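The next block holds one structure in the form of structure tokens; read it before the comments.
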Amino acid sequence: MKTPSQVGVWVVAWILSVSLSAPVGATISTNDIDKLAGSIEGTMAGKVVYFAALNSEYSVVIHGDIAQITLKQTFQNPYDKPMNARYLFPLNSNAAVHAMTMRIGNEMITAEIREIEQAKKIFSAAKKQGKATSLLQQHRPNMFTQKIANLMPGLPIEVAIQYVQVVPKIDGAYELVVPMVVGPRFQPNGAETVRYNKDLQASGVISQAVKNQGAKTPGAWEFSTLPAYPATADVHLPKEIIPQRVSLDIELEAPLPLQATTSSTHQISVTDHSSTQQHITFAAGKVIDNKDFVLRYRLDGEVENAGILTHWETGEGGYFSLLIEPPEKLADTQVLPREMVFLLDCSGSMSGLPMQASKLFMSQALAALRPTDTFRIIRFSDQATEFSSIPLPATAANIARGLAYTRSLFGSGGTVMTAGIEQALSPPIPKQAIRNVIFLTDGYIGNEMDVLQLVEQLLGKGRMFAFGVGTGVNRYLLNELSRVGGGFTRYFDPTRSEESVGQVAKALVAKLQSPVLADIEVDWGDIEVTDVLPSRIPDLYVGDSIRITGRFSNPSEGHLQISGRSTNQRAQMKIPLILNIFEKRTAIRQLWARTAVADRMHTFVTPATMRKDRVTNDNLQAGITQLGLTYQLATRWTAFVAVSKQIYNTQPESSTHADVALPKVSGVSKLAYNQLPSNSGGMAMTGYGAPEPGVWLGLLVAMCSLWLVRRRVVSRRLIQQLT
């Protein structure tokens with residue numbers, strides 16, 4: 001019989017086991033660790049699950065601030081029976097994916113761009129015929145899946161993806177980001193849809209996309225269902241099955257001598273070919289793909305404040321790209337009162353190092369508040385709570401209280417981001433004040449469109465600054481938050497030393513004090529240009545840059561004037577411009593098309609009544625699809641599909657499904673990977689929604705109370721029996 005103390009210990013142990021255990025069990029056997037990425041099979045929910053092997057090679061060529069990248073993925077079947085493999089991976093959210101090839105044995109196939117449903121049908125038919133086939137599909141601008149059918153034992157399939165992207169100037173240096181791992185995503189109940197404006201619903205304008213995709217709710221447009229998430233090394237699988245499997249080769253050519261080429265994320269080897277040319281690789285040769293790669297380089301001297309690149313395409317006309325940088329110094333003599341709203345993600349994925357980094361940032365940010373400022377602190381996970389119900393003056397006493405509150409926070413539960421945003425943006429902005437919302441998160445959610453649309457509706461005249469905390473965060477969401485919010489986005493790595501994280505936090509806080517060049521306008525004078533994008537030019541901060549792209553029909557030259565507003569002054573710049581028909585830079589054409597796709601995707605965030613020309617979702621989808629087909633781009637509704645001529649699998653019905661296992665994102669808590677099995681044999685892409693510690697405490701108290709009541713009843717019965 002257990003003593004009362006033993007029963008109490010058992011109650012606590014039972015509660016902890018419920019809160020920490022995962023619903024998925026996996027028994028893993030590694031057949032040959034020395035093979036490419038290892039050979040893995042496991043049992044999940046009573047079903048044997050296999051994993052394909054993978055090797056990835058990035059080849060990058062950078063000219064100035066434009067990168068052309070080839071990602072070569074080699075899939076290998078380490079078993080003795082055919083496989084159909086699937087790989088979930090990220091690309092830069094601004095990447096223009098414009099070509100794909102597939103090689104198997106002596107056969108090289110150039111993939112074709114097709115409307116998504118047609119591409120799926122082609123892939124499915126080839127799969128049933130036993131042909132080697134691959135399908136590249138975009139689920140979010142930064143989230144893709146590569147599906148491979150009829151992957152035969154001993155016959156690897158090599159898929160090469162080509163894309164271009166701009167290398168933006170951030171804080172005075174050019175920054176190339178190569179995402180390498182998709183982190184887990186929390187999907188709140190009822191997410192995945194973008195609601196029409198009530199006026200459109202009332203008028204009977206119902207999207208054909210709803211009918212086509214079988215949406216359950218009339219008037220709801222299905223944006224995208226998240227793909228299944230594969231099992232993860234060091235969470236569901238042992239670490240050893242994901243050895244180093246990614247290599248990188250960069251050729252960098254700059255217009256001026258290069259200075260300080262560095263990476264804060266990986267150790268690199270830099271070889272100088274000349275003062276303006278460098279060759280860069282990973283120092284270790286290959287690395288594990290458990291965090292994003294970031295390369296920064298500075299130029300020894302300053303390029304012009306605005307530069308133009310052009311491309312002429314026979315039969316289409318010309319394309320141009322205009323680079324704009326702000327003046328080096330902007331006076332900020334007019335100090336306006338600010339309401340500083342700190343919105344902190346305290347979900348389970350932020351547990352541990354990300355939470356510590358957020359607290360370190362908050363200590364710097366609160367200490368930097370001006371006497372004229374007020375501040376609020378909001379934390380959210382499954383729900384949102386606030387430090388104070390009203391904005392507090394930035395006095396020493398209030399700041400000390402705010403720091404104490406911040407230090408008490410921890411990561412737990414799901415990521416219901418909309419709750420935090422509503423809490424932050426719903427109250428009216430204090431009179432004659434500027435509202436700055438500083439959002440710290442890893443962005444691990446699946447309902448991005450819901451979140452962005454909510455910010456668009458509630459932000460008003462405020463500004464939102466998104467700070468990504470992590471090594472493999474959802475950069476698409478964070479970049480879009482700052483675009484919609486009129487602020488900027490920055491990222492910091494919580495796995496670095498406390499001193500290093502503190503220095504980054506201090507620099508970010510200083511960046512918040514820098515003046516902005518807002519309301520930017522371009523006067524083209526007599527120069528005839530069309531289709532200028534983005535349609536809404538973002539604000540420009542000191543040390544950063546933006547690109548404006550467009551089209552022209554005839555060669556011309558003249559002057560254009562760029563103007564903008566800082567806190568208390570106007571800034572203007574007049575530059576010469578030449579649009580000619582002799583330059584051939586294909587990347588400029590592809591980047592214009594990718595910007596056009598992004599501009600239309602941005603409109604989905606805007607409520608229908610606020611959209612220019614009241615464009616409908618159906619029109620937006622049709623326009624994006626046509627851009628993808630015309631310019632050979634992977635989009636939400638266009639995909640690349642490649643099919644071999646030869647039949648490789650004479651019994652395709654015998655093939656087994658196989659995912660490519662992913663590594664756990666560096667620095668992310670295992671709480672973020674507590675997921676349920678999906679029908680595909682992988683893992684459902686969702687997050688862990690554990691109750692808050694207060695709830696567990698309540699359960700503990702309740703159970704202990706029940707135990708005490710039961711003990712008293714038993715004691716009374718014993719006394720009655722004895723007497």
Side-chain angles (χ1 to χ4, degrees), residues 20 22 88-90 142-143 177-186 229-240 242-246 263-268 282 284 287-295 344-364 379 381 406 409-415 439-445 466-478 489-505 507-508 661-675 685 687-688 690:
L20 297 178
L88 175 68
F89 68 102
N142 63 337
M143 184 191 297
V177 177
V178 181
M180 290 192 172
V181 63
V182 175
R185 299 289 193 267
F186 179 84
Y229 198 83
T232 307
D234 196 26
V235 179
H236 311 105
L237 307 173
K239 293 180 182 180
E240 291 77 13
I242 304 283
Q244 287 70 23
R245 60 182 186 180
V246 180
S263 173
S264 62
T265 60
H266 295 75
Q267 292 185 340
I268 57 175
F282 289 132
V287 300
I288 184 171
D289 49 337
N290 64 347
K291 58 182 175 180
D292 296 343
F293 170 72
V294 179
L295 179 78
L344 308 181
D345 183 348
C346 294
S347 60
S349 62
M350 292 288 289
S351 179
L353 294 176
M355 201 71 240
Q356 294 175 24
S358 294
K359 292 178 181 181
L360 197 55
F361 171 86
M362 287 299 296
S363 66
Q364 298 280 354
R379 46 82 51 216
S381 53
T406 301
L409 299 176
F410 51 87
S412 175
T415 315
F439 197 168
L440 281 80
T441 180
D442 53 23
Y444 286 162
I445 62 167
F467 290 166
V469 187
T471 59
V473 300
N474 186 354
R475 289 175 180 262
Y476 160 63
L477 172 65
L478 289 158
T489 306
R490 292 296 183 271
Y491 301 89
F492 55 105
D493 181 353
T495 64
R496 300 177 67 186
S497 67
E498 182 174 337
E499 180 182 1
S500 176
V501 174
Q503 292 173 349
V504 173
L508 290 177
L662 298 183
K664 183 174 76 69
V665 180
S666 178
V668 171
S669 168
K670 293 182 180 180
L671 289 175
Y673 290 89
N674 200 356
Q675 300 156 331
M685 203 165 188
Y688 173 47

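All of these numbers come straight from a predicted model, not from anything done at the bench.
- The distance from atom CZ of Phe293 to atom NE2 of His266, rounded to the nearest 0.5 Å, is 7.5 Å.
- In terms of the side-chain hydrogen bond (donor to acceptor under 3.5 Å, both in side chains) criterion, Asn290 has no residue partners (sequence neighbours excluded).
- Every salt bridge (charged side-chain N to carboxylate O under 4.0 Å, His left out) that Arg490 has, sequence neighbours left out, goes to Asp171, Asp544.
- The closest donor-acceptor contact from the side chain of Thr471 to the backbone of Ser666 lies under 3.5 Å.
- Looking at residues two or more places apart in sequence or on another chain, you find a side-chain hydrogen bond (donor to acceptor under 3.5 Å, both in side chains) between Thr265 and Ser263.
- The number of heavy-atom neighbours closer than 6.0 Å to CD of Glu498, taken from other residues, nucleotides and ligands shown, is 12 or below.
- With rounding to the nearest 0.5 Å, the separation of CG in Leu508 from CZ in Phe467 is 5.0 Å.
- With rounding to the nearest 0.5 angstrom, the CZ atom of Arg496 is 13.5 Å from the CG atom of Leu353.
- A side-chain hydrogen bond (donor to acceptor under 3.5 Å, both in side chains) with Thr441 is found for exactly one of Asp345, Thr415, Asn474, namely Asp345.
- Closest heavy-atom contact between Ser347 and Ser381: CA-CB, 3.9 Å.
- The distance from atom CG of Leu440 to atom CZ of Arg379, rounded to the nearest 0.5 Å, is 14.0 Å.
- Between Val469 and Ser358 the shortest heavy-atom distance is CG2-OG, 3.9 Å.
- Shortest non-hydrogen contact noted between Ile288 and Pro663 is CD1-CB, 3.9 Å.
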Given the rule in the side-chain contact (heavy atoms from CB on, under 4.5 Å) test, do Tyr444 and Val665 qualify, once you have shown the distances and angles that lead to the verdict? CA-CA 11 Å; Tyr444 286 162; Val665 180; 3.6 Å; yes

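- Partners of Tyr491 according to the side-chain hydrogen bond (donor to acceptor under 3.5 Å, both in side chains) rule, which considers only residues two or more places apart in sequence or in another chain, are Asn479.
- For the pair Tyr229 (side chain) and Tyr673 (backbone), a donor-acceptor distance under 3.5 Å is absent.
- Between Met180 and Lys291, the shortest heavy-atom contact is CB-O, 3.4 Å.
- For Pro179, the side-chain contact (heavy atoms from CB on, under 4.5 Å) criterion is met by Pro90, Asn92, Val177, Asp292, not counting sequence neighbours.
- Ala672 approaches Pro184 most closely through the heavy-atom pair O-CB, 3.4 Å.
- Screening Thr232, Ile242, Leu237, Val181 against Lys664 for a side-chain contact (heavy atoms from CB on, under 4.5 Å) leaves a single residue, Thr232.
- The OG atom of Ser264 lies 12.5 Å from the CZ atom of Phe492; values are rounded to the nearest 0.5 Å.
- Under the 3.5 Å distance criterion, the side-chain polar atoms of Lys359 are matched with a main-chain donor or acceptor of Leu409.
- Residues Val668 and Asp442 are not in side-chain contact: their nearest non-hydrogen atoms beyond the backbone lie 4.5 Å or more apart.
- Listed by chain and residue number, Ser351, Leu671 satisfy the side-chain contact (heavy atoms from CB on, under 4.5 Å) test with Ser669 (two or more places apart in sequence, or in another chain).
- One finds the CZ atom of Phe361 at 11.0 Å from the OG1 atom of Thr406 (value rounded to the nearest 0.5 Å).
- Residues Met355 and Cys346 approach most closely at CE-SG, 3.7 Å, considering heavy atoms.
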